[in-house]
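Proteins come first, then strands; the chains are lettered A, B, ... in the order of their sequence lines, and each starts at number 1.
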Amino acid sequence: MKYPYSQQFRQSLVEWFHEEKRDLPWRQTNDPYKIWVSEVMLQQTRVDTVIPYYQRFIDKYPTIESLANADEEELLKMWEGLGYYSRARNLQAGVKEVVEKYGGTVPNNRHDLQRLKGVGPYTAGAILSIAYNLPEHAVDGNVMRVLSRVLHIKEDISLVKTRKIFEEAVEQLIHPEYPGDFNQALMDLGAMICTPSSPKCLLCPVREYCLGFMEGDAEQLPIKTKKTKEKHEFYDVYIAVNDGKVLFEKRPEEGLLANMWQFPMMLKGKSSEDTKKQFELKYNVEIKNIIEEDFFEQKHIFSHLIWNLRCHLVDITENGELPEFAHYVTLKEIEGLPLPVPMIKIVNILNQYIFHSPE
DNA sequence: AAAGCGGGGCT
DNA sequence: AGCCCAGCTTT
């Protein structure tokens with residue numbers, strides 16, 4: 001499809017961007033490595049959340065080689081709280097490949113970029129347009145919302161194939177001299193003006209080219225159908241103390257929260273089943289004394305899953321060797337390990353209990 | 001094509 | 001209580 005007003009649209013959009021763009025840390029550089037880091041952090045994550053992580057990350061890993069050589073556990077610790085932890089491991093895998101295969105120079109073409117771990121069509125386009133000033137599309141949820149309104153595209157954006165419609169639109173509309181600014185302008189517009197609900201159409205620099213505004217249904221776009229319903233899982237969590245140390249374990253290297261650390265958790269078939277025996281068997285320990293049964297309860301909501309954690313504080317003795325994934329650590333040592341947020345919350349409650357209890 | 005993968009902020 | 005966020009990988 002051919003779109004009218006391309007020239008005026010891109011001109012107005014980029015001019016607005018030059019006046020109103022947000023001052024963001026990754027906009028102080030053209031270093032493709034740093035752009036790459038920022039784009040990976042920004043996947044499914046808000047700008048305000050990313051900013052402090054980006055700063056600390058670049059301070060610790062200022063060059064592509066420094067990240068390639070980083071210790072994975074330290075890397076995960078830097079990513080702690082940001083979520084989608086496979087992003088961190090994929091980023092390091094991608095960076096290593098660039099160092100080995102391309103002598104540390106980030107590729108400047110879509111084909112090579114998209115073959116890197118963790119780099120998909122969006123991230124490749126963002127690096128190419130922002131760092132290398134090449135006229136490549138970078139279509140994310142923001143861009144689909146803005147363009148679905150401007151161009152009145154009513155295809156379902158939850159379908160994979162729909163993205164191609166937007167990529168082709170961007171190829172026509174993109175500013176040939178300022179491709180990076182054009183792509184970022186669409187994102188800033190989506191964040192500041194063309195918001196999911198209550199878009200500020202009266203402040204929009206491209207209102208006069210917007211079919212959604214003309215039709216009066218901009219806020220109803222984009223069309224999105226998919227909604228998966230979440231699953232509940234119930235666990236008994238054992239805070240198991242032995243001689244001033246607690247039992248702690250590293251999660252498997254694949255799947256949810258891969259390689260992150262946690263207190264031992266036993267999945268319950270029904271919500272009230274007793275898991276003490278299975279716990280003792282799995283970790284080869286014996287519960288000597290229950291200090292606090294049902295110490296506290298905690299719910300954690302993931303995007304596709306809800307954890308209900310029932311935490312118990314127990315004294316244990318060893319029966320023999322621990323399984324290889326389990327270790328005894330001090331609370332101080334836990335601070336140095338990468339933990340998912342639900343475990344951080346448990347550690348905080350535990351610290352309060354130990355150091356701030358009335359007696 | 002659909003599901004898996006975190007966490008937080010806004011309505 | 002949903003929805004969405006500068007998405008990618010695996011099945």
Side-chain angles (χ1 to χ4, degrees), chain A residues 21-22 24-27 35-54 76 79-91 93-94 113-131 136-147 156-163 166-167 170 180 182-192 194-199 219 222 224-231 233 251-252 254-260 262 299-307 338-345:
Chain A
K21 65 180 169 186
R22 292 172 291 177
L24 303 172
W26 45 90
R27 289 183 174 167
I35 301 298
W36 185 1
V37 170
S38 71
E39 290 302 339
V40 171
M41 285 187 170
L42 286 161
Q43 290 168 8
Q44 295 293 286
T45 310
R46 285 166 201 288
V47 165
D48 291 338
T49 306
V50 168
I51 290 173
Y53 282 89
Y54 173 82
L76 281 177
W79 211 270
E80 183 184 89
L82 200 50
Y84 286 147
Y85 299 97
S86 65
R87 287 185 295 175
R89 301 196 305 152
N90 288 340
L91 174 61
L113 271 176
Q114 285 195 207
R115 294 180 32 126
L116 299 171
K117 273 279 193 205
V119 178
Y122 166 76
T123 304
I127 294 172
L128 291 169
S129 63
I130 297 171
E136 295 281 343
H137 57 75
V139 173
D140 65 343
N142 243 321
V143 171
M144 288 197 282
R145 181 175 63 258
V146 171
L147 290 186
D156 182 359
I157 66 164
S158 50
L159 301 178
V160 186
K161 59 171 185 174
T162 303
R163 202 191 60 230
F166 291 93
E167 290 174 347
V170 171
F182 177 88
N183 283 337
Q184 293 182 87
L186 284 179
M187 298 181 215
D188 272 21
L189 194 67
M192 299 156 67
C194 198
T195 46
S197 61
S198 312
E219 193 170 356
K224 187 172 185 177
T225 59
K226 195 166 53 183
K227 39 177 157 268
T228 60
K229 74 159 173 262
E230 69 281 7
K231 187 173 83 175
E233 286 181 353
R251 292 178 62 89
E254 295 208 335
L256 182 65
L257 303 171
N259 285 350
M260 305 290 281
Q262 65 180 14
K299 187 161 82 165
H300 187 77
I301 302 169
F302 299 93
S303 49
H304 61 299
L305 180 67
I306 298 177
W307 272 2
L339 312 186
V341 166
M343 293 302 143
I344 293 176
K345 290 179 179 167

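A:Arg163 contributes no side-chain N or O that forms a donor-acceptor pair with the base of B:dA1 under 3.5 Å.
Taking for each of A:Ser197 and A:Pro340 the nucleotide of DNA chain B with the nearest heavy atom, the 5'-most of the two is the partner of A:Pro340.
A search for salt bridge (charged side-chain N to carboxylate O under 4.0 Å, His left out) contacts involving A:Arg46 returns nothing, not counting sequence neighbours.
A heavy-atom distance below 4.0 Å to DNA chain B is reached by these residues of residues 37-50 of chain A, ordered by number: A:Gln44, A:Thr45, A:Arg46.
Put simply, A:Arg145 has a side-chain N or O that comes within less than 4.0 Å of OP1 or OP2 on C:dC5. Distances shown here put a side-chain N or O of A:His304 below 4.0 Å from the OP1 or OP2 atom of B:dC5.
Checking A:Val50, A:Leu91, A:Asn90 one by one against A:Val40, the side-chain contact (heavy atoms from CB on, under 4.5 Å) holds for a single residue, A:Leu91.
Spacing between B:dG6 and C:dC4 at atom C1', rounded to whole Å, works out to 14 Å. B:dG8 and C:dC8 are spaced 22 Å apart, taking the P atom of each and rounding to whole Å. Here the separation of C:dA1 from B:dC5, taken at their P atoms, is 24 Å to the nearest Å.
The CG-P distance, from A:Asn183 to C:dG7, rounds to 13 Å in whole Å.
Between A:Tyr53 and A:Trp79, the gap from one ring centroid to the other reaches at least 6.0 Å.
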